[in-house]
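Data first, discussion second: the structure below is written as C-alpha coordinates.
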Amino acid sequence: MGLKPKPQVLFGRKEIEATVSRLAAEIRSDYHDKHPVLVGILKGAFVFLADLIRLLDFPLEVEFIRLSSYGKGKESSGKIRVVQGLDSEVKGRHVLIIEDIVDSGLTTTFLLDYLLQKKPASIRVCSLTSKPSRRKSPVTISYLGFTVPDKFLVGYGLDSGEEFRNLPDICFIGGDK
Ligand code: IMP
Ligand code: MG
(Lines give C-alpha, C1' and ligand atoms only; values in the text may rest on other atoms or scores of the structure.)
(Ligands and ions follow the chains in the order given, each with its own letter.)
Protein backbone atom coordinates (compact mmCIF):
# COMPACT_ATOMS: atom_id res chain seq x y z
CA MET A 1 0.00 0.00 0.00
CA GLY A 2 1.48 3.33 -1.04
CA LEU A 3 0.72 6.65 0.56
CA LYS A 4 -2.73 7.66 -0.64
CA PRO A 5 -4.06 11.18 -0.32
CA LYS A 6 -6.76 11.35 2.32
CA PRO A 7 -9.77 13.34 1.13
CA GLN A 8 -10.74 16.27 3.38
CA VAL A 9 -14.35 17.40 3.58
CA LEU A 10 -15.10 20.69 1.85
CA PHE A 11 -18.92 20.49 1.85
CA GLY A 12 -20.67 17.94 4.02
CA ARG A 13 -23.80 16.01 3.08
CA LYS A 14 -26.19 18.34 4.95
CA GLU A 15 -24.83 21.35 3.10
CA ILE A 16 -25.03 19.45 -0.20
CA GLU A 17 -28.64 18.49 0.54
CA ALA A 18 -29.59 22.12 1.22
CA THR A 19 -27.84 23.28 -1.96
CA VAL A 20 -29.43 20.63 -4.16
CA SER A 21 -32.84 21.61 -2.72
CA ARG A 22 -32.17 25.26 -3.54
CA LEU A 23 -31.19 24.36 -7.12
CA ALA A 24 -34.28 22.16 -7.48
CA ALA A 25 -36.50 25.07 -6.41
CA GLU A 26 -34.84 27.39 -8.94
CA ILE A 27 -35.15 24.83 -11.74
CA ARG A 28 -38.74 24.04 -10.78
CA SER A 29 -39.77 27.65 -11.06
CA ASP A 30 -38.26 27.98 -14.56
CA TYR A 31 -39.03 24.55 -16.04
CA HIS A 32 -42.16 23.12 -14.37
CA ASP A 33 -44.26 23.65 -17.50
CA LYS A 34 -41.52 23.06 -20.11
CA HIS A 35 -41.03 19.27 -20.05
CA PRO A 36 -37.25 19.72 -20.18
CA VAL A 37 -34.55 17.24 -21.13
CA LEU A 38 -31.89 17.08 -18.46
CA VAL A 39 -28.59 15.99 -19.98
CA GLY A 40 -26.25 14.53 -17.38
CA ILE A 41 -22.54 14.43 -18.13
CA LEU A 42 -21.05 11.03 -17.35
CA LYS A 43 -19.62 9.98 -15.17
CA GLY A 44 -19.19 12.76 -12.63
CA ALA A 45 -22.73 14.19 -12.61
CA PHE A 46 -24.64 10.97 -11.95
CA VAL A 47 -24.91 11.30 -8.15
CA PHE A 48 -25.94 14.96 -8.33
CA LEU A 49 -28.45 14.26 -11.10
CA ALA A 50 -29.95 11.33 -9.16
CA ASP A 51 -30.52 13.51 -6.09
CA LEU A 52 -31.70 16.51 -8.10
CA ILE A 53 -34.38 14.81 -10.21
CA ARG A 54 -36.00 13.26 -7.15
CA LEU A 55 -36.74 16.79 -5.97
CA LEU A 56 -38.30 17.82 -9.30
CA ASP A 57 -42.01 17.02 -9.23
CA PHE A 58 -42.92 17.81 -12.83
CA PRO A 59 -42.56 15.98 -16.17
CA LEU A 60 -39.00 15.79 -17.47
CA GLU A 61 -36.69 13.45 -19.34
CA VAL A 62 -33.16 12.37 -18.54
CA GLU A 63 -30.39 11.76 -21.05
CA PHE A 64 -26.72 11.06 -20.56
CA ILE A 65 -23.75 12.01 -22.64
CA ARG A 66 -20.20 10.90 -22.14
CA LEU A 67 -17.31 13.06 -23.24
CA SER A 68 -13.64 12.45 -23.06
CA SER A 69 -11.72 15.50 -21.97
CA TYR A 70 -9.11 14.59 -19.42
CA GLY A 71 -7.57 11.34 -20.57
CA LYS A 72 -5.82 9.95 -17.54
CA GLY A 73 -4.42 13.22 -16.21
CA LYS A 74 -6.02 15.93 -14.13
CA GLU A 75 -5.57 18.71 -16.68
CA SER A 76 -8.06 19.16 -19.48
CA SER A 77 -6.37 18.34 -22.78
CA GLY A 78 -8.75 20.70 -24.55
CA LYS A 79 -9.36 17.93 -27.07
CA ILE A 80 -12.88 16.82 -26.38
CA ARG A 81 -14.98 14.25 -28.15
CA VAL A 82 -18.32 12.55 -27.67
CA VAL A 83 -17.79 8.99 -26.48
CA GLN A 84 -21.48 8.20 -25.92
CA GLY A 85 -24.17 10.39 -27.45
CA LEU A 86 -27.85 11.03 -26.74
CA ASP A 87 -30.56 8.43 -27.30
CA SER A 88 -33.35 10.87 -28.12
CA GLU A 89 -33.89 14.04 -30.10
CA VAL A 90 -33.36 17.40 -28.43
CA LYS A 91 -34.57 19.43 -31.41
CA GLY A 92 -37.18 21.92 -30.20
CA ARG A 93 -36.77 20.81 -26.58
CA HIS A 94 -35.72 22.78 -23.52
CA VAL A 95 -32.34 21.34 -22.59
CA LEU A 96 -30.65 21.66 -19.21
CA ILE A 97 -27.07 20.41 -19.02
CA ILE A 98 -26.21 18.90 -15.63
CA GLU A 99 -22.49 19.10 -14.78
CA ASP A 100 -20.48 18.06 -11.75
CA ILE A 101 -17.88 20.79 -12.12
CA VAL A 102 -16.99 23.56 -14.53
CA ASP A 103 -13.22 23.89 -14.34
CA SER A 104 -11.50 25.28 -17.45
CA GLY A 105 -14.94 25.49 -19.06
CA LEU A 106 -13.67 23.76 -22.22
CA THR A 107 -15.91 20.71 -21.79
CA THR A 108 -19.06 22.76 -21.22
CA THR A 109 -18.27 25.10 -24.11
CA PHE A 110 -17.79 22.11 -26.40
CA LEU A 111 -21.05 20.55 -25.23
CA LEU A 112 -23.04 23.77 -25.67
CA ASP A 113 -21.77 24.05 -29.26
CA TYR A 114 -22.49 20.37 -29.91
CA LEU A 115 -26.06 20.54 -28.56
CA LEU A 116 -26.85 23.91 -30.16
CA GLN A 117 -26.28 22.27 -33.55
CA LYS A 118 -29.23 20.04 -32.71
CA LYS A 119 -31.49 23.10 -32.51
CA PRO A 120 -32.97 22.90 -29.00
CA ALA A 121 -35.69 25.43 -28.03
CA SER A 122 -33.37 26.59 -25.24
CA ILE A 123 -30.24 25.46 -23.49
CA ARG A 124 -28.81 26.26 -20.06
CA VAL A 125 -26.20 24.91 -17.69
CA CYS A 126 -26.67 23.67 -14.13
CA SER A 127 -23.45 22.76 -12.34
CA LEU A 128 -22.91 21.45 -8.83
CA THR A 129 -19.58 23.28 -8.58
CA SER A 130 -17.50 25.87 -10.41
CA LYS A 131 -13.82 26.79 -10.18
CA PRO A 132 -13.82 30.28 -11.72
CA SER A 133 -10.09 30.78 -11.07
CA ARG A 134 -9.33 28.03 -13.62
CA ARG A 135 -11.52 29.29 -16.44
CA LYS A 136 -10.09 29.32 -19.98
CA SER A 137 -13.41 29.52 -21.77
CA PRO A 138 -16.21 31.65 -20.28
CA VAL A 139 -19.37 29.75 -19.42
CA THR A 140 -22.69 31.08 -18.13
CA ILE A 141 -23.90 28.80 -15.35
CA SER A 142 -27.58 29.52 -14.80
CA TYR A 143 -27.91 27.22 -11.76
CA LEU A 144 -24.78 26.90 -9.63
CA GLY A 145 -24.36 24.93 -6.42
CA PHE A 146 -20.97 25.90 -5.00
CA THR A 147 -18.15 28.18 -6.10
CA VAL A 148 -14.99 26.28 -5.13
CA PRO A 149 -11.32 27.17 -4.70
CA ASP A 150 -8.57 25.78 -6.91
CA LYS A 151 -8.37 22.38 -5.24
CA PHE A 152 -8.91 18.95 -6.75
CA LEU A 153 -12.35 17.74 -5.68
CA VAL A 154 -13.54 14.19 -5.16
CA GLY A 155 -16.67 12.55 -3.79
CA TYR A 156 -20.39 12.88 -4.49
CA GLY A 157 -19.70 11.53 -7.99
CA LEU A 158 -16.37 13.28 -8.60
CA ASP A 159 -13.32 11.09 -9.02
CA SER A 160 -9.58 11.05 -9.05
CA GLY A 161 -8.52 8.28 -11.42
CA GLU A 162 -11.95 6.60 -10.92
CA GLU A 163 -11.55 6.56 -7.15
CA PHE A 164 -13.67 8.31 -4.49
CA ARG A 165 -16.93 8.76 -6.46
CA ASN A 166 -18.75 6.99 -3.63
CA LEU A 167 -17.82 9.47 -0.87
CA PRO A 168 -21.05 11.13 0.36
CA ASP A 169 -19.36 14.51 0.94
CA ILE A 170 -17.62 16.86 -1.49
CA CYS A 171 -13.96 16.58 -0.52
CA PHE A 172 -10.61 17.79 -1.77
CA ILE A 173 -7.29 16.05 -2.07
CA GLY A 174 -3.82 17.54 -2.16
CA GLY A 175 -2.36 20.38 -0.13
CA ASP A 176 -4.20 23.27 1.41
CA LYS A 177 -4.48 26.44 -0.58
P1 IMP B 1 -13.20 21.39 -17.81
O2 IMP B 1 -13.33 21.04 -19.26
O3 IMP B 1 -11.77 21.77 -17.48
O4 IMP B 1 -14.17 22.45 -17.35
O5 IMP B 1 -13.43 20.10 -16.97
C6 IMP B 1 -14.62 19.47 -16.88
C7 IMP B 1 -14.50 18.05 -16.37
O8 IMP B 1 -13.21 17.78 -15.76
C9 IMP B 1 -15.50 17.83 -15.28
O10 IMP B 1 -16.74 17.44 -15.80
C11 IMP B 1 -14.82 16.77 -14.44
O12 IMP B 1 -15.15 15.48 -14.91
C13 IMP B 1 -13.34 17.01 -14.60
N14 IMP B 1 -12.80 17.78 -13.45
C15 IMP B 1 -12.39 19.06 -13.43
N16 IMP B 1 -11.97 19.44 -12.21
C17 IMP B 1 -12.14 18.37 -11.42
C18 IMP B 1 -11.93 18.13 -10.02
O19 IMP B 1 -11.49 19.00 -9.22
N20 IMP B 1 -12.22 16.88 -9.57
C21 IMP B 1 -12.70 15.89 -10.38
N22 IMP B 1 -12.94 16.08 -11.70
C23 IMP B 1 -12.66 17.30 -12.20
MG1 MG C 1 -14.27 13.32 -14.59
Side-chain angles (χ1 to χ4, degrees), residues 3-13 15-16 19-20 23 27 37-53 62-86 90 95-118 120 123-177:
L3 270 183
K4 290 233 168 155
K6 191 174 161 6
Q8 319 269 325
V9 175
L10 185 60
F11 303 111
R13 56 205 85 175
E15 212 173 337
I16 297 171
T19 296
V20 175
L23 291 174
I27 291 167
V37 184
L38 274 56
V39 177
I41 314 307
L42 291 174
K43 300 179 191 170
F46 83 102
V47 175
F48 173 43
L49 181 61
D51 281 348
L52 181 68
I53 56 167
V62 174
E63 282 286 332
F64 288 100
I65 197 163
R66 184 143 179 221
L67 305 170
S68 73
S69 64
Y70 265 52
K72 291 198 170 73
K74 288 182 179 175
E75 285 293 316
S76 180
S77 64
K79 286 189 197 127
I80 298 152
R81 65 195 173 86
V82 177
V83 176
Q84 182 192 318
L86 303 172
V90 296
V95 173
L96 185 58
I97 295 173
I98 310 292
E99 273 275 24
D100 53 353
I101 185 162
V102 179
D103 185 36
S104 70
L106 294 171
T107 305
T108 314
T109 300
F110 169 89
L111 188 60
L112 282 166
D113 289 348
Y114 175 82
L115 292 175
L116 274 170
Q117 286 169 22
K118 299 183 183 293
I123 187 160
R124 284 184 184 169
V125 176
C126 167
S127 185
L128 177 66
T129 65
S130 169
K131 273 187 214 169
S133 62
R134 302 250 312 163
R135 209 69 96 240
K136 290 183 186 154
S137 176
V139 174
T140 300
I141 304 172
S142 301
Y143 310 93
L144 173 62
F146 302 99
T147 298
V148 298
D150 185 9
K151 296 170 188 273
F152 199 80
L153 305 187
V154 296
Y156 199 68
L158 288 148
D159 75 305
S160 172
E162 295 303 323
E163 230 183 315
F164 304 125
R165 292 194 199 276
N166 52 323
L167 299 179
D169 306 309
I170 298 174
C171 303
F172 66 92
I173 50 176
D176 270 325
K177 280 196 185 146

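Just follow the structure's listing: the first ligand is 1, and inside any ligand the first atom is 1.
Distances from ligand 1 to the non-hydrogen atoms of G44 include no value under 4.0 Å. Heavy atoms of V139 come nearer than 4.0 angstrom to ligand 1 in no pair at all. For the ligand labelled ligand 1, residue T108 lies outside the 4.0 Å heavy-atom shell. For the ligand labelled ligand 1, residue K131 lies inside the 4.0 Å heavy-atom shell.
Between I170 and L128 there is a side-chain heavy-atom pair separated by less than 4.5 Å.
The residue among I170, V148, I101 with a heavy atom at the shortest distance from atom 23 (C) of ligand 1 is I101.
In terms of polar-atom proximity, F152 is not counted as a contact of ligand 1, lacking any N or O under 3.5 Å from an N or O of the ligand. For ligand 1, the polar-atom distance check finds no N/O of V102 at less than 3.5 Å from any of the ligand's N/O atoms. Taking distance alone, with nitrogen or oxygen atoms compared against 3.5 Å, D100 approaches ligand 1 more closely than that limit.
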Subject >> Pair L86-L115, side-chain contact (heavy atoms from CB on, under 4.5 Å): steps then yes or no >> reply: CA-CA 10 Å; L86 303 172; L115 292 175; 3.6 Å; yes
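A side-chain donor-acceptor contact under 3.5 Å links D169 to the backbone of R13.
Applying the 4.0 Å criterion to heavy atoms of T107 picks out, from ligand 1, the atoms 1 (P), 2 (O), 5 (O), 6 (C). Atoms of ligand 1 found under 4.0 Å from any heavy atom of L158 (numbered from 1 in listed order, with element): 21 (C), 22 (N). Applying the 4.0 Å criterion to heavy atoms of D159 picks out, from ligand 1, the atoms 21 (C). Numbered from 1 in the order shown, with element, the atoms of ligand 1 that lie under 4.0 Å from a heavy atom of E99 read 10 (O). Under a 4.0 Å criterion applied to the non-hydrogen atoms of S104, ligand 1 contributes the atoms 1 (P), 2 (O), 3 (O), 4 (O).
Partner of L153 under the side-chain contact (heavy atoms from CB on, under 4.5 Å) criterion, out of I101, I173, D100: I101 alone.
Classification of the F146-F11 ring pair by plane angle, with boundaries at 30° and 60°, yields parallel.
In plain terms, the two heavy atoms of F46 and R165 that are nearest each other are CE2-CD, 4.1 Å. The shortest heavy-atom contact between L67 and I41 is CD1-CG2, 4.4 Å.
Residues passing the side chain to side chain donor-acceptor pair (under 3.5 Å) test with S127: none are found, sequence neighbours excluded. In this structure T109 satisfies the side chain to side chain donor-acceptor pair (under 3.5 Å) test together with S137, sequence neighbours excluded.
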